[in-house]
**Student:** 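First the structure, which I've put down as structure tokens, then a few questions once you've had a look.
Each ligand, and each atom within it, is numbered from 1 in the order the structure gives. Computed from a predicted model, the values in this text were never measured in an experiment.
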Amino acid sequence: MKKSIVILAAMALLAGCAKPQPQAFQVIPMPADVTVNEGYFPVTGAAIACDENMDELSVKAVNRFADALKIVTGKACDGKGKGEIRFVVNPNLAAEQYAINVTKDGATVEASALNGFVYAIETLKQMLPAAIYGDKKVKADWVLPCVSILDQPRFAYRGMHLDPCRHFFSIEETKKYLDVMTAYKLNRFHWHLTEDQGWRMEVKKYPKLTEIGAWRDGTVIKKDWDSNDGIRHGGFYTQEEMKEIVAYAAERGITVIPEIDLPGHMIAALASYPELGCTGGPYSVWTRWGVSEQILCAGNEQVYTFLEDVFTELMDIFPSEYIHIGGDECFPRDKALPWDSCPKCAALMKKLGIKKGPDAKHYLQNYVTARVQKFLNDNGRKIIGWDEILEGDLAEGATVMSWRGTKGGIKAAAKGFDVVMTPTDYAYFDYYQSKERDKEPFAIGGYLPLEKVYGYEPFDGMVAGSEDHILGVQANMWTEYIATPEHLEYMLMPRMCAMSEVQWCAADAKDYERFTASLEHTLGMMDAMGVNYCLDYKGLIGLDRQPARTEEELEEYLKENPRSW
Ligand code: ACM
Ligand code: ZN
């Protein structure tokens, strides 16, 4: 009896002395320069100190990190633990660069600006147990590995797009989307605010845009174009709500780039103000998907007044240097174009000297683009448009978003335009993730597995010397067939992780094996955040295979998946 008590006591003592195990180094996107050393630094109760030169948003980011540590460890970062995590301004680092040095006695984080601090914090969090991304106390080895990191991104523009028009996503759901972007160091949120199927931006001067244009009477069922579920769908964001998103994103180093898609994809606006179309309507907010021939009338001055009014209110909400003006899919191949039979458009073409012929529509679109571009330039902004704006004669200073493959981007860069690469083949996250379509939630089509996203090289096929015009890469999330946050997240993750390495890592630093070995930890982070994901890369296909885990399940999961160094 006595002997067993002694043994038990010895075991308890040993267990008490067991060395904490730092989380294996599984940071996504992989930092540029990492040296992992022996040992660890315990963060529970460590002091967190900010250099007095740090700006307000950087201090706020550090405070969010301290709050997260307090929640998961159950102890405030008040210095009652060992050592200190010190955040220091180092003006010699670039705006998105950061350095981390962790020793057994403490950690130092250096950056010159908010983005560097935000990325350093995300790297620190990813070096901790995944539960740091959750909101409850978890018993775990709350230690950082001793490590030295110097990190910076490959591309300045690292974007993720969201279409809240085909299906509406609330402000809270949008913030969660931004949280996931933050975890992987993305810095541009392209918010596609207008569509044929719904206008989402409150415009005070044109209230019918949200009274009428934000609502549709039903939604097509799968691809049966003549069908309709008869369920009213819609919603819009007030100007205050959009400002809230801008501020939320800005605190995380993310710029929101709003899109007003013109002159096509405008049926919701035409339904609200029919006088803006060539025929005068009547129009109704579209209940089906596709490309409509009903677009803004290019020959009507009222249209330019409307656009300038809308952009004036938009610029008041969105401080971004770039404004997206759409420009895609204005001319369906199989339909007569109202621009061809409209007297106002004909008069304008005559005035501009545009000759009749297959290219006339492109030159007329160039005119519309150039008018909007001039207005935005005069107000200190720059335009981005989908690659259709390149057809005809695109005015200098526009940035082209290459979506119909990479050809448009390659051509635009060779001509001296700046480019964001977002080709369907690699960057359309509305595509299926597996070949077993019957097991996947219904999608628009295509096939874009994780490995293919990861394998994208944005400089492939470029004309030598034009690479500097590639500002970066973006993935797009069109939501024709994505109606719920669970489905949205399933389509996003983990493909966005793969995209983050395309955007962040040097081409020769990518390694699919290393990347997939890190996914378990990263998806544990998503569990902690309550974010859904697809596990097709493990052969588990379908939306019902991986619902976001409950808190109890997460604890079980973390127990079953001990982090070994
Ligand atoms: C697009 O996918 N229509 C830009
Ligand atoms: Zn017209």
**Student:** On the ring face of F375, is R371 found with NZ or CZ under 6.0 Å from the centre and within 45° of the axis?
**Tutor:**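 Judged by the rule (NZ or CZ under 6.0 Å from the ring centre, within 45° of its axis), R371 is not positioned above F375.
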**Student:** Is there at least one pair of N or O atoms, one from E329 and one from ligand 1, spaced under 3.5 Å apart?
**Tutor:** yes
**Student:** Do R252 and D179 come within less than 4.5 Å of each other through their side chains, counting heavy atoms only?
**Tutor:**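 A side-chain contact under 4.5 Å exists here.
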**Student:** Measure the distance from atom 3 (N) of ligand 1 to every protein heavy atom, then report the residue, atom name and distance (to 0.1 Å) of the closest one.
**Tutor:** D328 OD2, 2.7 Å
**Student:** To the nearest 0.1 Å, how far is atom 2 (O) of ligand 1 from its closest protein heavy atom, and which atom is that?
**Tutor:**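 Nearest protein contact, heavy atoms only, for atom 2 (O) of ligand 1 is Y428 OH, 2.6 Å.
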**Student:** Please confirm whether the backbone N or O of T219 pairs with a side-chain atom of D229, one donor and one acceptor, at under 3.5 Å?
**Tutor:** yes
**Student:** Which protein atoms of type N, O or S are found under 2.8 Å from the Zn ion (ligand 2)?
**Tutor:**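 Correct list: C278 SG, C297 SG, C342 SG, C345 SG.
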**Student:** Are more than 12 heavy atoms from other residues, nucleotides or ligands located less than 6.0 Å from atom NZ of K205?
**Tutor:**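 It does not: K205 NZ has 12 such atoms or fewer within range.
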**Student:** Would the number of heavy atoms belonging to other residues, nucleotides or ligands and lying under 6.0 Å from NZ of K335 be above 12?
**Tutor:**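 Yes.
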**Student:** Please check if atom NZ in K344 has more than 12 non-hydrogen atoms from other residues, nucleotides or ligands closer than 6.0 Å.
**Tutor:** no
**Student:** Could you walk me through whether Q474 and Y157 pass the side-chain contact (heavy atoms from CB on, under 4.5 Å) test, one step at a time?
**Tutor:** CA-CA 8 Å; Q474 174 177 293; Y157 185 116; 2.7 Å; yes
**Student:** Using a strict cut-off of 4.0 Å, indicate which atoms of ligand 1 neighbour a heavy atom of W478.
**Tutor:** 1 (C), 2 (O), 4 (C)
**Student:** Please indicate whether K407 has more than 12 foreign heavy atoms, meaning atoms of other residues, nucleotides or ligands, lying under 6.0 Å from its NZ.
**Tutor:**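 Count not over threshold, so no.
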